[in-house]
A.B. asks: 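Input: one structure, supplied below.
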Amino acid sequence: MEQDLVDLLVADHRRLESLFADIETAGSPAARRTALDAAITMLAAHTATEERLLHAHLPAELAEYEAAEHHRIDDLVARLTELNDVDPQFGLLLAALLEAVREHVQEEETELFPRLPQSVRVTE
């Protein structure tokens, strides 16, 4: 199936936003953890897609910046998954992760994607 890369990545961003809303409005720690686990899985797949398909269309310095952003998010995920939901640091790390991803998404959609060639197609 051929699809526009930006459309694919933006669709991922919307799914992540939906999962983040589920995390923030979860009625129980178990529901929050389920939504968080789904978001972490989605983030990993999204990052892999960006690194495999998007970075090839970027100047080297911009690709390095994007990779560093992904590494920062991956570090937050790794630290967060080591904690129990009742750990005092859990809420702080969760908030930091959501903020970092939201900032990254906003930056990509307003600054990076508009700089890409008109239509970058991918076959998935």
Side-chain angles (χ1 to χ4, degrees):
M1 173 176 91
E2 196 171 272
Q3 183 176 7
D4 183 81
L5 177 58
V6 171
D7 290 345
L8 176 74
L9 296 175
V10 169
D12 280 357
H13 291 169
R14 297 297 85 79
R15 285 191 294 274
L16 282 167
E17 288 174 358
S18 177
L19 288 168
F20 289 176
D22 292 346
I23 291 167
E24 293 171 324
T25 61
S28 70
R32 180 176 64 182
R33 180 55 82 169
T34 298
L36 177 58
D37 289 346
I40 289 170
T41 299
M42 178 82 206
L43 274 170
H46 179 75
T47 296
T49 299
E50 283 192 358
E51 290 175 352
R52 190 175 83 250
L53 301 173
L54 175 65
H55 292 189
H57 298 282
L58 303 177
E61 114 182 359
L62 194 50
E64 288 173 19
Y65 172 80
E66 285 291 303
E69 287 290 299
H70 290 164
H71 179 71
R72 181 172 69 103
I73 290 168
D74 290 345
D75 181 57
L76 287 168
V77 167
R79 291 171 50 204
L80 188 61
T81 57
E82 293 174 356
L83 298 178
N84 185 299
D85 293 24
V86 296
D87 187 296
Q89 292 296 308
F90 183 86
L92 296 172
L93 281 174
L94 179 57
L97 173 65
L98 299 182
E99 180 180 344
V101 172
R102 284 176 170 142
E103 287 175 3
H104 183 71
V105 164
Q106 194 267 341
E107 188 175 84
E108 283 185 343
E109 291 185 10
T110 61
E111 297 176 30
L112 178 64
F113 293 167
R115 295 163 74 181
L116 291 174
Q118 189 67 16
S119 179
V120 178
R121 309 291 295 175
V122 295
T123 303
E124 287 281 345

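Just so you know, these numbers use all the heavy atoms, side chains as well, and skip hydrogens, waters and symmetry mates.
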A.B. asks: Going only through I, L, V, M, F, W and Y residues with side-chain contacts under 4.5 Å, is there a path from Leu8 to Leu58?
C.D. replies: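 Yes.
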A.B. asks: Shortest non-hydrogen contact from Thr110 to Pro114?
C.D. replies: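 Closest pair (atom of Thr110, atom of Pro114, distance): O-CG, 3.6 Å.
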A.B. asks: Which residue pairs pass the side-chain hydrogen bond (donor to acceptor under 3.5 Å, both in side chains) test when at least one of the two sits in residues 26-45, sequence neighbours left out?
C.D. replies: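 Those involving residues 26-45 are Arg33-Asp85.
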A.B. asks: Is any side-chain heavy atom of Glu50 less than 4.5 Å from a side-chain heavy atom of Glu69?
C.D. replies: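 The answer is no, as the side chains (C-beta and beyond) never meet within the 4.5 Å cut-off.
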A.B. asks: Only pairs at least two apart or in different chains count here, so list each salt bridge (Lys or Arg N to Asp or Glu O under 4.0 Å) that has a residue in residues 57-68.
C.D. replies: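 Applying salt bridge (Lys or Arg N to Asp or Glu O under 4.0 Å) to every pair that reaches into residues 57-68, excluding sequence neighbours, yields nothing.
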A.B. asks: For residues 94-103, tabulate all N or O donor-acceptor pairs below 3.5 Å that involve a side-chain atom, not counting sequence neighbours.
C.D. replies:
from   : atom 1 : to    : atom 2 : distance (Å)
Arg102 : NH1    : Glu24 : OE2    : 2.9
Arg102 : NH2    : Glu24 : OE1    : 3.0
Arg102 : NH2    : Glu24 : OE2    : 3.4

A.B. asks: With a 4.5 Å heavy-atom cut-off, do Leu93 and Leu76 have their side chains touching?
C.D. replies: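 Sidechains of Leu76 and Leu93: in contact.
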A.B. asks: If hydrophobic clusters are built from ILVMFWY residues whose side chains come within less than 4.5 Å, do Val6 and Val105 share one?
C.D. replies: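 No, Val6 and Val105 fall in different hydrophobic clusters.
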A.B. asks: According to side-chain hydrogen bond (donor to acceptor under 3.5 Å, both in side chains), who are the partners of Gln89, at least two apart in sequence or on a separate chain?
C.D. replies: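 With neighbours one apart ignored, the set is empty.
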A.B. asks: Dump the intermediate steps for side-chain contact (heavy atoms from CB on, under 4.5 Å) on Ile73 and Thr47, then the final yes or no.
C.D. replies: CA-CA 10 Å; Ile73 290 168; Thr47 296; 5.9 Å; no
A.B. asks: How far apart are the closest heavy atoms of Ala35 and Asp22, and which atoms are they?
C.D. replies: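 Where Ala35 meets Asp22 most closely, the heavy atoms are CB-CB, 3.8 Å.
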A.B. asks: Are Val77 and Leu19 linked, directly or through other ILVMFWY residues, by side chains that come within less than 4.5 angstrom of each other?
C.D. replies: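 In one cluster: yes.
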A.B. asks: Any idea how His70 and His104 line up, ring-wise: parallel (<30°), tilted (30 to 60°), or perpendicular (>60°)?
C.D. replies: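 Ring orientation, 0 to 90° scale: perpendicular.
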A.B. asks: Under a 4.0 Å N-O cut-off, is there an ion pair linking Asp75 with Arg72?
C.D. replies: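 Answer for the salt bridge query: no.
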A.B. asks: Quick check on the hydrophobic clustering: are Leu16 and Leu80 connected, directly or via other members, by side-chain heavy-atom contacts under 4.5 Å?
C.D. replies: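 Yes: a chain of side-chain contacts under 4.5 Å links Leu16 to Leu80.
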A.B. asks: What pairs meet the ring pair (Phe, Tyr, Trp, His ring centres under 6.0 Å) rule with one or both residues in residues 75-102, with sequence neighbours excluded?
C.D. replies: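 Pairs touching residues 75-102 that pass the test: none.
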A.B. asks: So Glu107 and Leu112, do their side chains get closer than 4.5 Å, heavy atoms only?
C.D. replies: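 The answer is no, as the side chains (C-beta and beyond) never meet within the 4.5 Å cut-off.
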A.B. asks: According to ring pair (Phe, Tyr, Trp, His ring centres under 6.0 Å), does anything in residues 5-42 pair up with another residue at least two apart or in another chain? List the pairs.
C.D. replies: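 As it turns out, the ring pair (Phe, Tyr, Trp, His ring centres under 6.0 Å) pairs with a partner in residues 5-42, which skip direct neighbours, are His13-His46, His13-Phe113.
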